[in-house]
Novice: 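Could you have a look at this structure, given as structure tokens, before my questions?
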Amino acid sequence: MTMRYDAVFFDLYGTLIDIRTDESSDAAWDALRDALAGYGVAYDDDCGDGRYGGCDDGCDDGRVDDCTDCADRNAGLRARFDAAARPIVDAARAERGEWAEPDLLPAYAALLDGGDLDDGHGDGRGDDGRDGANDRAAAARALAWAFRQGSTSLLRLYPGALEFLQTLHEAGLRVVLVSNAQTCYTRPELERLGLDAALDRIVISSDEGVRKPGAEIFRRALAYEGLDADRVLMVGNDSRCDIGGARSAGIDGAYLRTEISPADDPAVCESAVLSLAGADYAGILRFLNL
């Protein structure tokens, strides 16, 4: 049987992984603050008056952490992270335009300034004379992962996802991830769920510096794999980023309308070669005659 496609590209979240995150939640910022404390960096509570840890919260134990009257106990940390991230984002957009996707790991690294990994010399070497760059990079990844875990209330594979990918492999198709994501969040999740071993290639926007729906990230994935666009099917749950983006690069799209598809997405994507309700992997296999 002649195959219509040589490879299938996949979106990740809402396509292979069901996830719920809230990066504005106190749980996320508490987790980051706790992780920073492990590196000797303290961010005290902000009670809205510009004084961090300086309010009289009325708590009998003297710990401002228990103050429930503070509008945002992590306001200082949020502001510090935003200040570190903003120039990174602005520089990326100035260089690459609308669909730029910067790696935000340096913003996490900036939060370590003044802590146990910062000797104040600015040369990247610790007080014991050894190169601390690797330690700092590892710490930044740990901070990012702590924040991600704190922000996440649900993380699971859609039923049958691994078996579906295995069926595609057995049919001789390449399986490639093309995801809008931060590597520091996504790589650990892929490993945790066993997807890293099930994918032939992983293309993440923060590594590439560009994101969907821009055509460039799809063109790079094609080039990495040595594929022609008309021999690839893109599977995703976002009609604009996944299906529209793939189409701009000459790639067919199969649309899955899942619970975390954009709220204004249609039930049927007119620009897709296939539209299905939910993570209907069996429907994709039927379309591929597998």
Side-chain angles (χ1 to χ4, degrees), residues 9-17 19 21-24 28-29 31-33 35-36 39 41 77-113 115 117-118 122 124 131-152 155 176-193 195-196 199 201-225 236 238 241-242 245 249:
F9 288 0
F10 283 94
D11 171 58
L12 183 58
Y13 302 111
T15 299
L16 296 173
I17 290 178
I19 190 171
T21 63
D22 182 359
E23 294 185 356
S24 67
W29 292 94
L32 179 56
R33 186 172 59 171
L36 280 163
Y39 294 100
V41 180
L77 177 54
R78 294 173 194 262
R80 180 68 184 89
F81 183 83
D82 288 346
R86 177 50 52 192
I88 297 171
V89 173
D90 290 345
R93 288 177 177 168
E95 179 182 354
R96 301 187 185 97
E98 182 180 10
W99 307 124
E101 179 78 280
D103 182 359
L104 293 180
L105 196 62
Y108 285 100
L111 298 178
L112 294 162
D113 291 350
L117 297 180
D118 184 6
D131 187 348
N134 289 337
D135 288 346
R136 191 176 177 87
R141 288 192 294 272
L143 294 179
W145 182 228
F147 179 80
R148 179 65 164 186
Q149 289 179 290
S151 74
T152 302
L155 178 72
V176 176
L177 182 71
V178 182
S179 177
N180 282 354
Q182 289 290 312
T183 290
C184 54
Y185 302 158
T186 296
R187 287 281 183 177
E189 291 171 346
L190 293 174
E191 294 171 8
R192 173 171 288 190
L193 296 174
L195 276 174
D196 56 332
L199 297 162
R201 187 178 297 274
I202 296 169
V203 181
I204 298 176
S205 58
S206 71
D207 290 335
E208 301 301 320
V210 290
R211 62 186 174 91
K212 303 176 289 186
E216 179 62 23
I217 192 169
F218 293 101
R219 292 180 183 132
R220 292 188 188 186
L222 290 170
Y224 295 152
E225 288 291 305
D238 187 314
C241 286
D242 298 323

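The analysis underlying the following values was restricted to heavy atoms, covering all of them including side chains, and did not include hydrogens, waters or symmetry mates. Residue numbers start at 1 and run along the sequence shown.
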Novice: Could you check whether any side-chain heavy atom of Val203 comes within less than 4.5 Å of a side-chain heavy atom of Phe218, counting everything from C-beta outward?
Specialist: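 No. Closest side-chain heavy atoms not under 4.5 Å.
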Novice: Do Arg136 and Asp113 come within less than 4.5 Å of each other through their side chains, counting heavy atoms only?
Specialist: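 They are in side-chain contact.
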Novice: Do Val178 and Asp11 have side chains that get closer than 4.5 Å, going by heavy atoms?
Specialist: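 Side-chain contact under 4.5 Å: no.
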Novice: Between CG of Asp196 and CZ of Arg187, what distance do you get to the nearest 0.5 Å?
Specialist: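 That separation rounds to 8.0 Å.
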Novice: Side chains of Ile217 and Lys212, heavy atoms from C-beta outward: is any pair under 4.5 Å?
Specialist: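 Ile217 vs Lys212: side chains touch.
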Novice: With no hydrogens and no angle check, just 3.5 Å: does a side-chain donor-acceptor pair link Glu208 and Tyr224?
Specialist: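 Their side chains do contain a donor-acceptor pair, which is all the 3.5 Å distance test asks for.
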Novice: Strictly below 4.0 Å, N to O, side chains only: are Asp90 and Arg86 in salt-bridge contact?
Specialist: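 A salt bridge is present here (some side-chain N lies under 4.0 Å from a carboxylate O).
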Novice: Walk me through whether Leu104 and Gln182 qualify under side-chain contact (heavy atoms from CB on, under 4.5 Å).
Specialist: CA-CA 7 Å; Leu104 293 180; Gln182 289 290 312; 3.6 Å; yes
Novice: Looking only at heavy atoms, what is the nearest atom pair of Ile204 and Ala181, with distance?
Specialist: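 The answer is CG2-O, 3.3 Å.
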Novice: Between Ser151 and Asp22, is there a side-chain donor-acceptor contact under 3.5 Å, judged purely by atom types and distance?
Specialist: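 Note: Asp22 and Ser151 side chains miss the donor-acceptor criterion.
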Novice: Establish, from distance only, whether the side-chain atoms of Thr152 and Thr21 form a donor-acceptor pair under 3.5 Å.
Specialist: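 No, no side-chain donor-acceptor pair sits under 3.5 Å.
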Novice: Quick one: does Tyr13's side chain get under 4.5 Å of Glu189's, heavy atoms only?
Specialist: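 Tyr13 vs Glu189: side chains touch.
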Novice: Measure the CH2-CZ distance between Trp29 and Phe81 for me, rounded to the nearest 0.5 Å.
Specialist: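 One gets 5.5 Å once the value is rounded to the nearest 0.5 Å.
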Novice: Report yes if the side chains of Val176 and Leu199 come closer than 4.5 Å at any heavy-atom pair, otherwise no.
Specialist: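 No. Closest side-chain heavy atoms not under 4.5 Å.
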Novice: Hey, what do you get for CD (Glu225) to CZ (Arg201), rounding to the nearest 0.5 Å?
Specialist: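 Separation between the atoms: 4.5 Å.
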